[in-house]
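What follows is a set of notes on a single structure, which appears directly below.
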Amino acid sequence: KAGVTQTPRYLIKTRGQQVTLSCSPISGHRSVSWYQQTPGQGLQFLFEYFSETQRNKGNFPGRFSGRQFSNSRSEMNVSTLELGDSALYLCASSFRSAGDEQFFGPGTRLTVL
Amino acid sequence: EDQVTQSPEALRLQEGESSSLNCSYTVSGLRGLFWYRQDPGKGPEFLFTLYSAGEEKEKERLKATLTKKESFLHITAPKPEDSATYLCAVRNTGFQKLVFGTGTRLLVSP
């Protein structure tokens with residue numbers, strides 16, 4: 001069974017630009033969650049999508065948004081990038097809920113210059 | 001507010017030197033505590049889920065235990081390949097998400 005895949009693996013952007021990250025969950029998993037990981041803050045929950053609907057949201061500004069498609073694939077968008085957005089962005093999938101066992105992808109390393 | 005605190009932040013062991021990692025939590029009604037392992041540059045890898053005090057789970061050299069306020073990850077006779085960051089998370093009762101600790105970086109030297 002294929003694991004969670006994320007593209008791209010690495011990104012370099014400049015302040016003010018926007019970026020879109022992609023995640024393909026494990027086949028059959030309908031819940032996709034996104035996390036931001038930084039050395040100081042650890043793993044911070046961004047949001048969860050289930051059946052194309054955002055079900056939960058963390059404490060991040062509106063510049064962070066996402067969506068999910070009918071095949072459960074998900075995208076995350078960050079607009080007007082700031083230096084502090086530099087982080088590892090992780091996608092995780094689970095069968096039913098973000099509160100279940102989650103399986104993580106390798107992450108997208110975003111660097112904002 | 002749900003919180004997870006892991007200690008120590010970093011731990012250095014010699015190969016074969018057993019030790020324990022701690023995860024203390026504050027949550028209104030625990031509905032699951034999760035342990036993950038994360039290697040540098042990779043996503044976390046699921047290890048265990050514990051649901052009730054007194055529960056224990058084992059996998060190779062790792063054993064996770066749970067009390068009402070904390071969980072321990074015991075590492076018996078570790079090997080260099082056990083070097084990684086170990087993350088603990090709890091399921092937030094009402095919100096249906098996982099709240100993560102900041103992890104323990106484990107380095108096992110040969």
Side-chain angles (χ1 to χ4, degrees), chain A residues 1-7 9-10 21 23-26 29-51 53-60 87-111, chain B residues 1-10 21-51 55 57 59 64 66 71 84-106:
Chain A
K1 206 174 194 181
V4 178
T5 58
Q6 290 187 246
T7 57
R9 292 294 312 279
Y10 302 93
L21 314 181
C23 171
S24 292
I26 292 172
H29 284 190
R30 297 168 64 189
S31 169
V32 174
S33 299
W34 289 89
Y35 294 84
Q36 180 193 70
Q37 187 175 33
T38 57
Q41 297 294 318
L43 270 162
Q44 302 289 310
F45 176 78
L46 280 157
F47 32 64
E48 179 206 5
Y49 284 86
F50 183 89
S51 292
T53 301
Q54 187 181 89
R55 188 156 65 175
N56 290 311
K57 191 177 189 305
N59 297 323
F60 278 83
L88 181 67
Y89 289 88
L90 291 161
C91 166
S93 78
S94 54
F95 183 64
R96 291 177 312 180
S97 157
D100 292 337
E101 295 169 6
Q102 296 199 316
F103 298 87
F104 285 82
T108 295
R109 171 73 63 188
L110 172 64
T111 301
Chain B
E1 185 179 338
D2 301 327
Q3 278 192 320
V4 176
T5 303
Q6 292 187 246
S7 62
E9 287 188 13
L21 313 182
N22 178 264
C23 169
S24 61
Y25 59 88
T26 304
V27 64
S28 54
L30 181 68
R31 294 182 63 191
L33 184 140
F34 303 79
W35 281 99
Y36 286 84
R37 167 194 171 127
Q38 186 174 23
D39 293 298
K42 296 186 177 181
E45 175 190 347
F46 171 76
L47 292 173
F48 305 109
T49 308
L50 302 168
Y51 290 101
E55 188 175 359
K57 287 194 176 174
K59 180 179 180 180
L66 181 64
S71 177
T85 295
Y86 290 86
L87 298 166
C88 169
V90 296
R91 177 186 291 169
N92 176 315
T93 301
F95 220 74
Q96 289 299 310
K97 66 174 185 177
L98 298 186
V99 177
F100 282 84
T102 52
T104 293
R105 293 189 315 276
L106 174 66

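Lettering follows sequence order; numbering is per chain, from 1.
Taking A/S51 as the reference, A/R30 meet the side-chain hydrogen bond (donor to acceptor under 3.5 Å, both in side chains) condition, with sequence neighbours excluded. In this structure, the side chain to side chain contact (heavy atoms under 4.5 Å, CB included) partners of A/T38, at least two apart in sequence or on a different chain, are A/Q36, A/Q41, A/A87.
Interatomic distance, CD of A/Q102 versus CZ of B/R91, reported as 9.5 Å (0.5 Å rounding). Interatomic distance, A/Q37 CD to B/L87 CG, rounded to the nearest 0.5 Å: 6.5 Å.
Using a 4.5 Å cut-off between heavy atoms, B/E45 does not touch chain A at all. At a 4.5 Å heavy-atom cutoff, A/R55 makes no contact with chain B through either its backbone or its side chain.
Dense packing is recorded around CZ of A/R9, with more than 12 heavy atoms of other residues, nucleotides or ligands lying under 6.0 Å away.
Shown here for B/Y36 and A/E101, the closest heavy-atom pair between the two residues is OH-C, 4.1 Å.
Of the listed residues (A/V4, A/L43, A/L90), the one with the most heavy-atom contacts under 4.5 Å to chain B is A/L43.
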